[in-house]
Amino acid sequence: MPESGGSRAQREHIPNPGPGAGPPPTLPAQAIRAAGADTVSGAAGAVGAAEAAAGPTAQALRTARRTGFLVTMVLGGLTALPPLSMDMYLPALPAVTDSLSAPAATIQLTLTACLAGMALGQLVVGPMSDRWGRRKPLLLGMVVYVAATAICALAPTAELLIGFRLLQGLAGAAGIVIARAVVRDLYDGVEMARFFSTLMLISGVAPIIAPLIGGQVMRFTDWRGIFVVLTGIGVLLTLVVWKWLHETLPPGSRHTGGVGDALRTMRGLLADRVFTGYMITGGLAFAVLFAYIAASPFVVQEIYGASPQTFSLLFGLNSIGLIAVGQINGKLLVGRFRLDKVLGFGLAVIVLAALALLLMTLGVFGEVGLVPIAAGLFVLMSAMGVAMPNTNAQALMRTKHAAGSASALLGTSSFLIGAIASPLVGIAGEDTAVPMAVVQLVCAVAAVGCFLALCRPWQRAGREAAGL
């Protein structure tokens, strides 16, 4: 039986927002209309159904589709900006080392600083967006991002570059966290899961093309030109947000408290067992992805002898697999099957792929070459297209009253868990791929255990079947 977004069981499990959190959650269409964002509300599935029932004109339908497309592209651009900021810079690392006369380890800190900023910035921007709405914190974050990126292009020393890369990450986090919060404002249930799959299509392309763009920029200028390009992208996105992304959180639904209220809200979210279950499950799945990103260049090229060009091809194919399965999830699976069933299937595939990789790297099947390893990594990565959007959707379904804070917790936990897991892939040295497979399998099994122990999907399925 297809799972609806507004089931009574789900509504009853939304945690109490506590004092100062505003009125109870309203339907997305009502919230958006209260904010005066009727043009944006046309993008939401529930609104579209209501308008269709009322007999909308053809012009109204065209306007709704066009507005929905614009919102999709804006949110997709915001979620793609952080990977662009990280990965466009990768081809320039040796040039930065020479230009600033700094050790390679010091220049590596420019990546660490940006990643840390993205993780911590979400904890700040998420509660801000619940208090002041989505537009103001987002526009502020984009302006700071543009300024920090421009200064990175002019940085005369490695220390200054590290500092402003940290600020760049802190400000860029606004796009990640508020994009998820806006999706929660506009959509519910299966429509939200479908939209997350669409965002994965857009943002998933960014890690593929970012190093290529960076390499091409380096053909015409030095490493500073990459930050000039990123500054231009930031300016363009800021203008697009200012013109086309309307406020989606009505004043009546905003929090009025200060830091203490934000901390209480986050504590209340973490006290919700099911929300925390989806959050940790998604974080552990993200750790599997981080382990792949950290280890695959070494494993594929150094251990299995692939050329850099072959590695780039395999990396691109795996990314395409993730995007394609994400679209299958949104177009075919969501709405036909319960989200928990789809999520459970995706997690099971990840566990099986990680187990196969571990057995191959241990030599259980004898000497294996690159092709079986590449096949296992492809299946594992593709299954992420089911796991990641559905954990986000299921967690955010429970948090209408504090979507910004919930989005911040989801993003920060994923970054932190991934950052802890990824260094472990090289713990046994350079001659074996076993640590990568072990980390992936442990994280995948832990994700399944967390999903079953905390989310307990069978209980909600039983309540929905009983009509509770």
Please identify which of these residues, [options], meets the side-chain contact (heavy atoms from CB on, under 4.5 Å) condition with [X].
X: Leu245; options: Leu237, Ile178, Leu138; answer: Leu138
X: Leu333; options: Val325, Val342, Leu339; answer: Val342
X: Val445; options: Val448, Val442, Leu441; answer: Leu441

Say you draw a straight line from [atom1] of [X] to [atom2] of [Y]; how long is it, rounded to the nearest 0.5 Å?
X: Ile213; Y: Ile226; atom1: CD1; atom2: CD1; result: 10.0 Å
X: Leu416; Y: Leu123; atom1: CG; atom2: CG; result: 7.5 Å
X: Phe451; Y: Arg456; atom1: CZ; atom2: CZ; result: 13.0 Å
X: Cys443; Y: Leu284; atom1: SG; atom2: CG; result: 6.0 Å
X: Ile151; Y: Phe164; atom1: CD1; atom2: CZ; result: 4.0 Å

Legend entry - Arg134: partners by salt bridge (Lys or Arg N to Asp or Glu O under 4.0 Å), with sequence neighbours left out: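 With neighbours one apart ignored, the set is Asp130, Asp185.
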Inset, instruction - List the steps and the verdict of side-chain contact (heavy atoms from CB on, under 4.5 Å) for Leu167 and Val144. - result: CA-CA 8 Å; Leu167 182 60; Val144 175; 4.0 Å; yes
Does [X] use its side chain to pair, donor to acceptor, with the backbone of [Y] at less than 3.5 Å?
X: Thr276; Y: Leu270; answer: yes
X: Arg131; Y: Arg254; answer: no
X: Gln168; Y: Ala148; answer: no
X: Arg184; Y: Tyr187; answer: yes
X: Arg273; Y: Leu454; answer: yes
X: Arg135; Y: Val241; answer: yes
X: Arg398; Y: Ala395; answer: no
X: Ser405; Y: Thr265; answer: no

Any idea which heavy atoms bring [X] and [Y] closest together, and the distance?
X: Ala158; Y: Ile107; result: CB-CD1, 4.1 Å
X: Gln440; Y: Ala354; result: C-CB, 4.0 Å
X: Ala387; Y: Ala285; result: CB-CB, 4.5 Å
X: Gly126; Y: Ala408; result: CA-CB, 4.0 Å
X: Trp223; Y: Ala155; result: CH2-O, 4.2 Å
X: Ile417; Y: Ala287; result: CG2-CB, 3.8 Å

Inset, instruction - Go through Met142 and Leu81 one step at a time and tell me if the side-chain contact (heavy atoms from CB on, under 4.5 Å) criterion holds. - result: CA-CA 10 Å; Met142 292 304 300; Leu81 186 60; 3.9 Å; yes
What I want to check is whether the side chains of [X] and [Y] have a donor and an acceptor closer together than 3.5 Å.
X: Tyr278; Y: Asn390; result: no
X: Gln122; Y: Thr412; result: no
X: Ser85; Y: Tyr145; result: yes

Legend entry - Flag side-chain contact, heavy atom, 4.5 Å: Phe275 against Met279: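 Heavy-atom side-chain distance check passes, below 4.5 Å.
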Inset, instruction - Could you go through the side-chain contact (heavy atoms from CB on, under 4.5 Å) check for Leu410 and Asn392 one step at a time? - result: CA-CA 7 Å; Leu410 290 172; Asn392 283 335; 3.9 Å; yes
